[in-house]
Amino acid sequence: MYTLITHSAAETQAVAERLATLVEAGTVITLNGDLGAGKTTFTQGFAKGLGVTRNVNSPTFTIMKQYKGRLPLYHMDVYRLEDTGDDIGLEEYINGDGVAIVEWSNLIESSLPEERLAITIERVSDEERKLTLAPTGDRYVRIAKEVLA
């Protein structure tokens, strides 16, 4: 596991933006943290790093939003689901031609691939966030190390 502290929303987005430059098609990133921890803020930075020009916001009520960038970005918020991600077709996006970012992924654990980059975001203060990166698989270990380099 790898941990870093960011001191502002902009710094959290910058970490995510750097991460986006390192990913390839088929990448799965899971985001967990309390409400207001910064999962969508992180995803906004990630989208910017992929070259997405649209406004990125939480897909809480739509479950998934798709954005066009260097790679397609599939931004999922599965807060309203129980462990049924495969029943509504999320698997095709998780195993698709783009990058899947899954907020509240702990709720659909059995629908996720074993190899992925799991990120937990914790609120330290109003501005500071603790990001814990837990990569599973060689590709994700390499990516996590490069983000922190």
Side-chain angles (χ1 to χ4, degrees), residues 2-82 84-86 88-109 111-113 115-136 139-140 142-144 146-149:
Y2 305 89
T3 302
L4 72 146
I5 302 288
T6 60
H7 303 282
S8 66
E11 192 175 330
T12 299
Q13 289 179 332
V15 169
E17 188 174 344
R18 171 150 169 68
L19 174 61
T21 67
L22 303 170
V23 300
E24 57 194 41
T27 297
V28 176
I29 298 169
T30 61
L31 297 176
N32 287 293
D34 291 336
L35 286 171
K39 296 179 295 294
T40 299
T41 298
F42 184 93
T43 303
Q44 290 167 339
F46 189 90
K48 182 179 177 187
L50 282 180
V52 172
T53 57
R54 281 183 40 210
N55 183 40
V56 173
N57 51 37
S58 180
T60 300
F61 297 103
T62 58
I63 311 242
M64 188 194 72
K65 291 186 178 178
Q66 182 175 345
Y67 301 94
K68 291 182 182 178
R70 174 177 67 83
L71 296 167
L73 173 59
Y74 307 113
H75 181 201
M76 303 171 207
D77 181 330
V78 297
Y79 184 74
R80 299 184 175 284
L81 298 180
E82 293 182 17
T84 59
D86 52 334
I88 62 166
L90 294 182
E91 187 174 286
E92 75 179 85
Y93 298 103
I94 289 171
N95 298 316
D97 60 347
V99 178
I101 290 188
V102 185
E103 295 187 25
W104 300 99
S105 63
N106 57 304
L107 299 175
I108 62 163
E109 190 68 33
S111 298
L112 297 170
E115 290 195 6
R116 62 183 183 257
L117 178 58
I119 300 174
T120 301
I121 303 174
E122 297 173 76
R123 182 185 167 116
V124 176
S125 69
D126 285 346
E127 293 295 319
E128 292 182 318
R129 298 297 185 265
K130 177 182 176 184
L131 282 75
T132 303
L133 285 67
T136 304
R139 171 171 70 137
Y140 293 104
R142 178 187 50 78
I143 291 170
E146 286 186 49
V147 165
L148 300 175

Hey, are the side chains of Tyr67 and Thr53 touching, using non-hydrogen atoms and a 4.5 Å cut-off? no

Of the non-hydrogen atoms in Asp34 and Trp104, which two are nearest, and what is the gap between them? C-CH2, 4.2 Å

Between Arg70 (side chain) and Gly49 (backbone), is there a donor-acceptor pair under 3.5 Å? no

Does the side chain of Tyr74 pick up a donor-acceptor pair with the side chain of Asp97 at under 3.5 Å? yes

Could you go step by step and tell me if Arg18 and Glu146 meet the salt bridge (Lys or Arg N to Asp or Glu O under 4.0 Å) rule? CA-CA 9 Å; Arg18 171 150 169 68; Glu146 286 186 49; 5.1 Å; no

4.5 Å side-chain heavy-atom contact, Lys130 and Thr3: yes

Would you name the heavy atoms of Val56 and Ala47 that are closest together and state the gap between them? CG2-CB, 3.6 Å

Heavy-atom closest pair (Ala100 atom, Met76 atom, distance to 0.1 Å) is CB-CE, 4.0 Å

Which heavy atom in Pro135 sits nearest to a heavy atom in Ala144, and how many Å separate them? CG-CB, 4.0 Å

Given the rule in the side-chain contact (heavy atoms from CB on, under 4.5 Å) test, do Val52 and Phe46 qualify, once you have shown the distances and angles that lead to the verdict? CA-CA 9 Å; Val52 172; Phe46 189 90; over 6 Å; no

Would you call Tyr140 and Glu115 a side-chain contact if the rule is heavy atoms closer than 4.5 Å? yes

Start with the C-alpha distance between Val15 and Val147, add both sets of side-chain angles, then the distance that settles side-chain contact (heavy atoms from CB on, under 4.5 Å), and finish with yes or no. CA-CA 7 Å; Val15 169; Val147 165; 3.9 Å; yes

Taking the side chain from Thr43 and the backbone from Lys39, do they hold a donor-acceptor pair closer than 3.5 Å? yes

Can you check whether Leu4 reaches Leu133 side chain to side chain, under 4.5 Å on heavy atoms? yes

Checking Glu128, Glu11, Glu122 against Ile5 for side chain to side chain contact (heavy atoms under 4.5 Å, CB included), the one that qualifies is Glu128

Heavy-atom side-chain contact between Leu73 and Leu71 under 4.5 Å: no

Contact check, side chains of Leu117 and Val28, non-hydrogen atoms, under 4.5 Å: no

Leu19 vs Ile29, test: side-chain contact (heavy atoms from CB on, under 4.5 Å). Steps then yes/no. CA-CA 10 Å; Leu19 174 61; Ile29 298 169; 3.7 Å; yes

Ignoring hydrogens and geometry beyond distance, is a side-chain donor-acceptor pair present between Thr12 and Thr6 at under 3.5 Å? yes

Under a plain distance cut-off of 3.5 Å, with no hydrogens placed, do Thr40 and Asn57 share a side-chain donor-acceptor pair? no

Take Arg129 and Arg123, measure what side-chain contact (heavy atoms from CB on, under 4.5 Å) needs, and give me the verdict at the end. CA-CA 5 Å; Arg129 298 297 185 265; Arg123 182 185 167 116; 3.6 Å; yes

Answer with yes or no whether the side chains of His75 and Glu103 bring together a donor and an acceptor at under 3.5 Å. yes

Quick one: pull up CZ in Phe42 and CG in Leu131 and give me the separation to the nearest 0.5 Å. 6.0 Å

Check: Ser105 and Leu31 side chains under 4.5 Å, non-hydrogen atoms: no

May I ask you to test the Gln13-Thr41 pair for a side-chain heavy-atom distance under 4.5 Å? yes

